Amino acid sequence: MDAVDDHLRMRWLMEEDGWRGRQQEEEEDEEELVEVLLRGKAPWGFTLRGGTEHREPLLITKVEEGSVAAAVRLQAGDEMVRVNAVPLSGSRQEAICLVKSSHKTLTLVVRRFGLLLIPLV
């Protein structure tokens, strides 16, 4: 098994109809949920900002190059929805506690918009 496969697992989930694993055409404004499994240990390599405390969505604002988060292709602008199968209420403190309680694996579901998938060159 490839080392990357050993450390990562990625599933794409379409929010509209519960779609899993099939190829579909993406539109620029299409919204999707992405589930990623990070294996290893903290620090995971991403920065989280916002939350109900600040009246903002919980957004990943930075992904460290070479980190586990970068390896599973988390992106700045991804909105955190679930941590380890726990739906988030929107509180940053709640999300941080759940992430910090993860020792060897961390499963995240993030909301991603198609527009954010287009690299700016």
Side-chain angles (χ1 to χ4, degrees):
M1 187 177 269
D2 183 49
V4 172
D5 291 336
D6 195 33
H7 294 286
L8 318 174
R9 180 178 58 118
M10 185 180 287
R11 285 193 290 171
W12 299 86
L13 309 172
M14 297 303 291
E15 187 172 40
E16 290 77 23
D17 61 359
W19 169 87
R20 291 178 183 239
R22 291 187 318 237
Q23 294 288 333
Q24 284 189 347
E25 290 182 28
E26 292 185 32
E27 297 175 11
E28 283 189 7
D29 61 347
E30 188 171 297
E31 179 181 310
E32 63 184 354
L33 294 180
V34 179
E35 181 182 62
V36 293
L37 174 64
L38 294 81
R39 293 181 191 225
K41 60 182 181 175
W44 301 106
F46 65 90
T47 304
L48 185 63
R49 175 186 158 154
T52 54
E53 304 92 329
H54 304 286
R55 297 183 180 179
E56 297 176 357
L58 282 167
L59 295 179
I60 293 174
T61 56
K62 183 177 182 182
V63 177
E64 297 289 331
E65 190 174 319
S67 68
V68 177
V72 296
R73 295 188 174 95
L74 280 178
Q75 299 176 4
D78 285 346
E79 180 182 353
M80 196 175 289
V81 176
R82 274 185 239 138
V83 176
N84 297 330
V86 177
L88 297 175
S89 66
S91 162
R92 182 173 181 268
Q93 192 60 40
E94 172 194 30
I96 289 172
C97 287
L98 288 167
V99 169
K100 285 187 174 185
S101 69
S102 300
H103 299 289
K104 293 182 181 179
T105 62
L106 172 64
T107 304
L108 299 177
V109 175
V110 297
R111 181 173 287 118
R112 182 173 295 162
F113 295 89
L115 187 60
L116 296 176
L117 295 173
I118 301 168
L120 300 173
V121 180

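Small disclaimer: the values here were computed from a predicted structure and weren't measured. The figures that follow rest on heavy atoms only: side chains count, while hydrogens, waters and symmetry mates do not.
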query = Among all residues two or more places apart in sequence or in another chain, which pass the side-chain contact (heavy atoms from CB on, under 4.5 Å) test with V83?
reply =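 So V83 forms a side-chain contact (heavy atoms from CB on, under 4.5 Å) with M80, L88, L98, V99, L106, L108.
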Output a table of donor-acceptor pairs, distance under 3.5 Å, between side-chain atoms of residues 46-54 and any protein atom two or more places apart or on a different chain; print 'none' if there are none.
from: E53; atom 1: OE1; to: R92; atom 2: N; distance (Å): 3.0
from: E53; atom 1: OE2; to: S91; atom 2: OG; distance (Å): 3.1
from: E53; atom 1: OE2; to: R92; atom 2: N; distance (Å): 3.2
from: E53; atom 1: OE2; to: Q93; atom 2: N; distance (Å): 3.2

- Using side-chain hydrogen bond (donor to acceptor under 3.5 Å, both in side chains) as the criterion, list what pairs up with S101, not counting sequence neighbours.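 None.
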To the nearest 0.5 Å, atom CZ of R111 lies from atom CZ of R82 at 9.5 Å
Review point. Which residues pass the salt bridge (Lys or Arg N to Asp or Glu O under 4.0 Å) test with E94, sequence neighbours left out?
Key: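 Partners of E94 under the salt bridge (Lys or Arg N to Asp or Glu O under 4.0 Å) test: none.
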Practice problem: Over all heavy atoms of both residues, which pair between F113 and E31 is shortest? Give the atoms and the distance, please. | Solution: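 Nearest pair, atom of F113 first, then E31: CE2-OE1, 3.1 Å.
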Nearest heavy-atom contact between A69 and G45 is CB-O, 3.8 Å
Walk me through whether V34 and D78 qualify under side-chain contact (heavy atoms from CB on, under 4.5 Å). CA-CA 9 Å; V34 179; D78 285 346; over 6 Å; no
Check the pair T105, L37 against side-chain contact (heavy atoms from CB on, under 4.5 Å), reporting the backbone distance first and the verdict last.
CA-CA 7 Å; T105 62; L37 174 64; 3.9 Å; yes
Going by salt bridge (Lys or Arg N to Asp or Glu O under 4.0 Å), name the pairs with one or both residues in residues 95-106, residues two or more places apart or in two chains.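 As it turns out, there is no salt bridge (Lys or Arg N to Asp or Glu O under 4.0 Å) pair with a partner in residues 95-106 once direct neighbours are skipped.
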N/O donor to acceptor pairs below 3.5 angstrom from side-chain atoms of residues 55-65, sequence neighbours left out:
from: K62; atom 1: NZ; to: E64; atom 2: OE2; distance (Å): 3.4

